[in-house]
2 protein chains.
Amino acid sequence: MMNSDQAATLLKQKGVRPSYQRLRVLQYLHEHIGHPTAEEIFTALSVDIPTLSRTTIYNTLHTFVSYGLVNCLTLDGVETRYDVVLQKHGHFKCHRCGTIFNFMMDVDRIETSGLEGFVIENKNIIFTGICPDCSFKKTKKGE
Amino acid sequence: MMNSDQAATLLKQKGVRPSYQRLRVLQYLHEHIGHPTAEEIFTALSVDIPTLSRTTIYNTLHTFVSYGLVNCLTLDGVETRYDVVLQKHGHFKCHRCGTIFNFMMDVDRIETSGLEGFVIENKNIIFTGICPDCSFKKTKKGE
DNA sequence: ATCATTATTGTAATGATTACAATATAGGTT
DNA sequence: AACCTATATTGTAATCATTACAATAATGAT
Ligand SMILES: [Mn+2]
Ligand SMILES: [Mn+2]
Ligand SMILES: [Zn+2]
Ligand SMILES: [Zn+2]
């Protein structure tokens with residue numbers, strides 16, 4: 001998916017010093033595009049890097065966001081999640097299994113009224129409901 | 001805007017016991033539609049109700065949400081905000097002054113791809129940027 | 001008035017995130 | 001290569017919103 005060299009190149013390209021921890025976090029994000037939390041990243045990388053600090057994860061993620069390497073999203077408000085897919089897309093959260101899905105949409109085609117004079121910098125689309133998997137399980141159980 | 005009797009009627013209508021605290025919270029929400037936080041409501045009502053507990057505010061808001069009296073929204077992830085405007089609308093948060101504005105849009109006209117088989121229960125639209133007021137101040141300062 | 005149900009209160013706990021200071025590392029300069 | 005400064009990492013303590021929980025109070029039906 002993304003090897004160490006590719007990660008280093010990407011970081012240097014953006015002006016971020018490619019430390020070992022940062023490389024690993026960036027690689028993890030590219031290998032786990034399901035919107036992981038800081039804690040999930042920390043837990044996963046701790047196995048390989050026993051000295052890893054939670055603070056480093058937070059610092060790294062903040063750096064990545066400010067340098068435009070990742071986007072952060074807070075769907076529910078309990079945990080911030082990180083997204084390495086930079087292409088504009090919407091998010092669907094299944095309230096049964098908690099999975100966050102990406103979906104495509106033409107963000108700029110949304111017609112609004114009441115935003116005259118507003119400078120729009122970001123458009124965030126969040127849908128909630130039940131995913132096909134959970135929907136199917138529910139139907140089966142109901143029989 | 002909404003007097004005690006109106007609030008009581010609304011609560012009874014929805015099957016929520018109209019305690020004094022609940023009446024006051026509901027009234028506050030109707031008089032402050034700028035998406036207040038639990039803390040803001042608590043601080044404001046504490047003046048009048050010195051024995052008021054923060055827990056009551058949280059309980060009350062949870063009750064209101066579950067009975068469909070208000071909606072909650074978590075735009076940034078730091079604080080949950082409460083919205084008594086039940087009509088579907090989008091939110092714009094100014095990252096300069098922090099104000100959260102409502103705007104109108106046809107939510108159902110959004111075309112998506114990749115959500116086949118998903119049961120959509122809620123559509124949340126959040127824009128961020130700079131509001132006209134802050135935009136104007138910035139321009140003036142720049143002269 | 002009695003009694004069971006429900007609401008309120010206060011305090012303690014939780015959990016994600018931030019603040020901060022000490023230590024370690026990286027990369028440029030001599 | 002050794003040196004030095006800027007930057008990154010680490011560990012711990014603090015913060016802040018929210019929740020858990022148990023005691024007390026109020027409500028509404030009988
Ligand atoms: Mn995504
Ligand atoms: Mn609103
Ligand atoms: Zn699901
Ligand atoms: Zn503003």
Side-chain angles (χ1 to χ4, degrees), chain A residues 4-5 7-9 11-28 35-67 69-70 72-82 98 100, chain B residues 4 7-9 11-26 28 35-67 69-70 72-82 98 100:
Chain A
S4 202
D5 285 348
T9 305
L11 287 176
K12 281 183 217 153
Q13 222 173 55
K14 295 272 185 174
V16 177
R17 197 183 277 187
S19 73
Y20 179 66
Q21 288 84 346
R22 284 171 177 174
L23 289 177
R24 295 300 302 271
V25 172
L26 188 60
Q27 282 184 279
Y28 184 90
H35 319 93
T37 64
E39 188 64 26
E40 281 166 5
I41 302 168
F42 172 73
T43 305
L45 295 185
S46 286
V47 180
D48 265 30
I49 318 167
T51 59
L52 184 64
S53 165
R54 230 174 289 263
T55 305
T56 299
I57 299 296
Y58 282 108
N59 289 341
T60 299
L61 291 169
H62 291 160
T63 303
F64 285 3
V65 169
S66 69
Y67 281 84
L69 280 156
V70 304
C72 70
L73 42 138
T74 53
L75 303 199
D76 31 17
V78 59
E79 279 177 323
T80 304
R81 297 181 167 275
Y82 294 88
I100 296 160
Chain B
S4 202
T9 305
L11 287 176
K12 283 183 216 150
Q13 222 174 54
K14 294 273 186 174
V16 177
R17 198 183 276 185
S19 73
Y20 180 65
Q21 287 85 345
R22 284 171 177 173
L23 288 177
R24 294 300 302 271
V25 172
L26 188 59
Y28 184 89
H35 319 91
T37 65
E39 188 65 26
E40 282 166 4
I41 301 169
F42 172 74
T43 304
L45 295 185
S46 286
V47 179
D48 265 30
I49 318 166
T51 60
L52 184 64
S53 166
R54 229 174 291 261
T55 305
T56 299
I57 299 295
Y58 282 108
N59 289 341
T60 299
L61 291 169
H62 290 160
T63 303
F64 285 1
V65 169
S66 71
Y67 281 84
L69 280 156
V70 304
C72 70
L73 42 138
T74 53
L75 303 199
D76 31 17
V78 59
E79 279 175 323
T80 304
R81 296 182 168 275
Y82 294 87
I100 295 160

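Side chains are part of it too, since the values below use all heavy atoms of this structure and drop only hydrogens, waters and symmetry mates. A note on names: the letters A, B, ... follow the listed sequences, proteins ahead of strands, and every chain is numbered from 1.
- Distance check: Lys14(A) NZ to Leu26(A) CG gives 10.5 Å after rounding to the nearest 0.5 Å.
- Taking 4.0 Å as the cutoff to heavy atoms of chain B, we find the contact window on DNA chain C bounded by dT6(C) to dT11(C).
- Distance CZ (Arg22(A)) to P (dT7(D)): 11 Å, rounded to an integer number of Å.
- Atom-to-atom distance recorded for Leu52(A):CG and Gln21(A):CD is 6.5 Å, nearest 0.5 angstrom.
- As a whole-Å value, the separation of Leu11(A) CG from dT7(D) P is 17 Å.
- Residue Glu39(B) is out of contact with every strand shown, counting any heavy-atom pair closer than 4.0 Å.
- Using a 4.5 Å cut-off on side-chain heavy atoms (C-beta onward), Leu69(A) and Leu11(A) make contact.
- A donor-acceptor contact closer than 3.5 angstrom is absent between the side chains of Arg24(B) and Tyr28(B).
- Taking CZ of Arg81(A) as the reference point, atom OG1 of Thr37(A) lies at 5.5 Å (rounded to 0.5 Å).
- Counting any heavy atom pair closer than 4.0 Å across all strands shown, Thr37(B) reaches no nucleic acid atom.
- Near DNA chain C, defined here as any heavy-atom distance below 4.0 Å, the residues from residues 51-64 of chain B are Thr51(B), Leu52(B), Ser53(B), Thr55(B), Thr56(B), Asn59(B), listed numerically.
- Both distances falling under 3.5 Å, in either a Watson-Crick or a G-U wobble arrangement, place dT30(C) opposite dA1(D).
- Glu40(B) CD to Leu45(B) CG: the interatomic distance, rounded to the nearest 0.5 Å, is 11.5 Å.
- Judged as a side-chain hydrogen bond (donor to acceptor under 3.5 Å, both in side chains), the pairs with a partner in residues 53-64 of chain A (not counting sequence neighbours) are, in order, Glu39(A)-Arg54(A).
- Once rounded to the nearest 0.5 Å, the distance linking OG1 of Thr80(A) with CG of Leu61(A) reads 9.5 Å.
- Of the side-chain N and O atoms in Arg17(B), none sit less than 4.0 angstrom from OP1 or OP2 of dG28(D).
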